[in-house]
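Accompanying notes for the structure given below.
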Number of protein chains: 2
Amino acid sequence: MSNLANRIEEYLKMVLQQADEGYIVLQRGFLANFFSCAPSQINYVLTTRFSAERGYLVESRRGGGGYLRIVRLGLDPEGKFQRLMAELIGEELSPERANNLLTRLEEEEIFTKRETILIRSIFTSKVLAETSSAPDILRARMMKEILANMCREDVNI
Amino acid sequence: MSNLANRIEEYLKMVLQQADEGYIVLQRGFLANFFSCAPSQINYVLTTRFSAERGYLVESRRGGGGYLRIVRLGLDPEGKFQRLMAELIGEELSPERANNLLTRLEEEEIFTKRETILIRSIFTSKVLAETSSAPDILRARMMKEILANMCREDVNI
DNA sequence: GACATTGTGACCATTATTGACCTTTGTTAT
DNA sequence: ATAACAAAGGTCAATAATGGTCACAATGTC
């Protein structure tokens with residue numbers, strides 16, 4: 001399980017941890033060199049591991065003095081949570097996107113580890129695919145339903 | 001009675017014995033090579049010997065850095081889970097029965113309050129009825145999937 | 001011989017890695 | 001100014017590295 005992509009991911013998250021502004025700025029070339037890999041490998045890691053679903057934003061700039069900026073997006077407490085989630089989920093939710101989302105919700109401590117395992121066990125099993133003709137839609141609706149019922153004052157973690 | 005499947009089974013259980021996290025992670029290719037057999041033979045062993053009914057859970061990932069993770073399920077004291085799972089095989093689970101079951105499991109502290117709310121929010125919502133042609137069967141299978149996963153030794157309540 | 005279990009191989013699906021080629025931005029020589 | 005060049009980052013398709021499925025062959029069991 002310790003492939004390059006995972007190691008780069010870990011490294012970036014480690015650096016991000018220690019950054020107190022909530023973001024880091026670095027160069028693709030430096031990273032590629034550091035990990036002795038193709039520069040495009042960095043893009044692969046960014047798109048697969050630092051997506052919006054997982055709670056990250058990546059900005060970049062080309063040319064001389066170019067850079068990558070990786071921003072960790074917190075879930076704001078201003079009550080926009082439900083809307084943000086609804087937007088992120090949409091009408092359909094593939095197993096992969098669901099996974100990303102759950103990874104983030106666990107990291108943000110919206111759900112416990114057990115709860116994410118519980119949800120994943122339903123979402124990723126063959127059960128849905130075998131029983132439903134539109135598993136992605138079902139998944140999206142269930143996820144929204146869960147969030148609506150769990151993120152209330154009377155249901156504390 | 002020492003055929004290949006049995007030897008692979010024994011080997012895996014032996015390794016699993018010594019793992020104190022309650023699970024092991026390894027590669028299918030490695031195993032197939034180790035036992036000089038077709039890779040698909042490993043899948044055969046996993047499905048016939050490491051099913052949820054027998055107290056195991058298998059997760060996997062494809063692609064570079066792919067792996068198999070075999071999780072040992074702890075047996076709860078009175079084998080409640082096992083009996084429940086057996087009951088739910090090929091069964092249907094109406095909203096009412098699901099409700100009663102969840103109330104009981106919460107009282108017995110198998111699930112937390114939040115967890116039952118979570119499960120109920122999926123089971124009792126209109127989502128299932130609207131999207132599936134056989135909601136009771138779907139409910140039963142989901143419940144079974146959940147129960148199996150909640151026995152994982154690496155996830156404490 | 002009939003039936004169940006085990007074993008294999010061909011083909012498929014998913015994830016990771018690389019390299020060739022492209023775009024944008026900055027610097028320098030004229 | 002501007003043309004050339006240097007110094008970034010971006011895209012995409014090919015390939016490699018995994019694991020999954022399924023039909024069928026081989027072997028056991030009664």
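Source: prediction; values computed, not measured. Quick note: numbers below take in every heavy atom, side chains included, and nothing from hydrogens, waters or symmetry partners. Proteins get letters first, then strands, A, B, ... in listed order; numbering begins at 1 in each.
- The side chain of A/Ser60 contributes an N or O atom lying less than 4.0 Å from OP1 or OP2 of D/dG10.
- Residue A/Leu68 contributes atom CG, which lies 11 Å from atom C1' of D/dG10 at whole-angstrom precision.
- Ranked by how close their nearest DNA chain C nucleotide is to the 5' end, A/Gly65 and A/Ser36 are led by A/Ser36.
- Not one N or O on the side chain of B/Asn149 forms a donor-acceptor pair closer than 3.5 Å with the backbone of A/Ser121.
- Rounded to whole Å, the distance from CD on B/Gln41 to P on D/dT21 is 15 Å.
- Straight-line distance from the CG atom of A/Leu31 to the C1' atom of D/dA8: 14 Å, rounded to whole Å.
- Along DNA chain C, the nucleotide nearest B/Val45 and the nucleotide nearest A/Arg61 are compared for position; the residue whose nucleotide lies closer to the 5' end is B/Val45.
- Using modelled atom types, no side-chain atom of B/Arg152 and backbone atom of A/Arg114 make a donor-acceptor pair closer than 3.5 Å.
- Nucleotides of DNA chain C with any atom under 4.0 Å from a heavy atom of chain A span, from 5' to 3', C/dT15 to C/dG26.
- Within 4.0 Å (heavy atoms only), B/Gly64 reaches at least one base atom of the nucleic acid.
- If you check every strand for non-hydrogen atoms under 4.0 Å, A/Asn43 touches a base.
- Note on B/Ser40: a base of the nucleic acid sits closer than 4.0 angstrom, heavy atoms only.
- Not one N or O on the side chain of B/Ser51 forms a donor-acceptor pair closer than 3.5 Å with the backbone of B/Thr48.
- A side-chain N or O of A/Thr103 and one of A/Arg120 form a donor-acceptor pair less than 3.5 Å apart.
- Looking at heavy atoms from C-beta onward, A/Leu147 lies in side-chain contact with A/Ile89 at the 4.5 angstrom threshold.
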List the steps, then state whether salt bridge (Lys or Arg N to Asp or Glu O under 4.0 Å) holds for A/Lys13 with A/Glu9. CA-CA 6 Å; A/Lys13 287 189 171 167; A/Glu9 176 189 4; 3.0 Å; yes
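- Ion pairing between A/Arg72 and A/Glu108 holds under the 4.0 Å rule for side-chain N and carboxylate O.
- Protein atom CG of B/Leu46 is 14 Å distant from nucleotide atom C1' of D/dT21, rounded to whole Å.
- At a threshold of 4.0 angstrom between heavy atoms, the contacts of B/Arg7 with the nucleic acid are absent.
- Across all strands shown, A/Ile42 has no heavy atoms under 4.0 Å from either base or sugar-phosphate atoms.
- At whole-Å resolution of the value, CG in A/Asn3 and P in D/dG19 are 12 Å apart.
- Each of D/dG20, D/dA8, D/dG10 was ranked by its minimum atom distance to the side chain of B/Arg62; first place goes to D/dG20.
- In this entry the distance linking CZ of B/Arg69 with P of D/dT18 reads 17 Å, nearest Å.
- Ranked by how close their nearest DNA chain D nucleotide is to the 5' end, B/Gly63 and B/Thr47 are led by B/Gly63.
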